[in-house]
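Below: the structure, in structure tokens.
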Amino acid sequence: MIADRIRQFRHAGGHPVAADFDLARQWLAAPLMALFEAQHPRDVVHSAETARWLLERGHEDPDLIAAGLLHDIGKGEQRRLDRTVYVLASHARLAPRLAASASKFELRRAVARTLTHSETGAFALEMAGASGRVVELTLRHHQAAGDDRVLALLQQADAAS
């Protein structure tokens, strides 16, 4: 896990390219595309890579690809420091104690946003008219997959991207 996080951290400085947006336009209706485009640039890159990982392995379920492109839309604006602190605090099981959505400190607000990004993103997707399955996959993408093979695929792609 730590090696994956280090790779993600090093890769997080990437900027979206036209191909990232072209891919999203192939799979997302206009209201969902607007949510994709509103993500932080590093989340645009990550989400496009998540969808590509799935497509490269032959998975073409429209709901799965849409969830790959949209699963992190609830994170909002976050600095690299915010994400680093969240990962470290989560590893130490301290993130819930650090999180405070009403804090005067942006770091604490960012940790709170990250902790609730699945719920926030699922709500935004529901309001934008996403299918129930895309909403569910987004909501559950950090929960145990159980027998849900599609959710497990999304989680694998998320971790690999």
Side-chain angles (χ1 to χ4, degrees), residues 1-17 20-21 23-24 27-53 63-145 151 154-161:
M1 178 181 136
I2 296 298
D4 287 336
R5 290 298 189 172
I6 291 170
R7 179 187 47 76
Q8 287 174 339
F9 181 81
R10 287 178 37 212
H11 190 66
H15 296 285
V17 295
D20 297 331
F21 295 100
L23 173 65
W27 292 92
L28 302 175
L32 299 180
M33 186 65 195
L35 291 174
F36 177 82
E37 292 172 332
Q39 293 181 103
H40 187 282
R42 109 179 96 236
D43 290 325
V44 168
V45 171
H46 164 67
S47 297
E49 287 178 355
T50 300
R52 279 191 196 94
W53 188 95
D63 287 337
L64 175 58
I65 302 305
L69 291 164
L70 299 166
H71 68 280
D72 280 340
I73 63 165
K75 284 187 177 177
E77 181 68 30
Q78 292 186 340
R79 303 166 298 188
R80 189 178 255 191
L81 170 67
D82 301 331
R83 290 178 185 231
T84 303
V85 168
Y86 173 78
V87 168
L88 294 172
S90 293
H91 187 69
R93 300 176 196 239
L94 297 173
R97 292 175 55 194
L98 179 61
S101 60
S103 175
K104 66 180 182 175
F105 299 105
E106 172 55 23
L107 179 71
R108 297 188 76 192
R109 293 192 309 269
V111 170
R113 283 193 307 273
T114 301
L115 279 175
T116 61
H117 81 277
S118 298
E119 294 86 357
T120 303
F123 180 75
L125 288 168
E126 188 172 30
M127 294 298 101
S131 76
R133 186 64 168 143
V134 172
V135 172
E136 177 190 12
L137 289 168
T138 299
L139 179 64
R140 295 184 55 218
H141 79 274
H142 287 294
Q143 299 174 6
L151 178 58
L154 175 61
Q155 291 169 339
Q156 288 174 342
D158 187 19
S161 305

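We're numbering straight along the sequence, starting at 1.
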Compare every heavy atom of Arg42 with every heavy atom of Arg80, then report the nearest pair and how far apart it is.
-> N-NH2, 3.6 Å

Minimum heavy-atom separation for Pro31 to Ala128, with atom names?
-> CB-O, 3.6 Å

Applied to residues 64-85, the ring pair (Phe, Tyr, Trp, His ring centres under 6.0 Å) test, sequence neighbours excluded, yields His46-His71, His71-His141

Glu119 meets the side-chain hydrogen bond (donor to acceptor under 3.5 Å, both in side chains) criterion, sequence neighbours left out, with none

Between Leu151 and Ala144, which heavy-atom pair has the shortest distance, and what is it?
-> CD2-O, 4.2 Å

Ion pair check, Arg52 and Glu49, cut-off under 4.0 Å = no

Residue pairs meeting side-chain hydrogen bond (donor to acceptor under 3.5 Å, both in side chains), one or both in residues 121-132, sequence neighbours left out, come to Asp63-Ser131

Only counting residues at least two apart or in another chain, list the ones meeting side chain to side chain contact (heavy atoms under 4.5 Å, CB included) with Ala100.
-> Ser103, Arg108

Output for pair (Leu154 CG, Leu137 CG), nearest 0.5 Å, gives 6.0 Å

Scan for salt bridge (charged side-chain N to carboxylate O under 4.0 Å, His left out) pairs involving residues 82-105, sequence neighbours excluded, and state none if there are none.
-> Asp43-Arg83, Arg79-Asp82

Partners of Phe21 by ring-ring contact (aromatic ring centres under 6.0 Å, His included), sequence neighbours excluded?
-> Phe36

Closest contact, heavy atoms only, Ala24 versus Met33 = CB-SD, 3.6 Å

So, does Arg113 use its side chain to make a donor-acceptor pair with the main chain of Thr120 at under 3.5 Å?
-> no

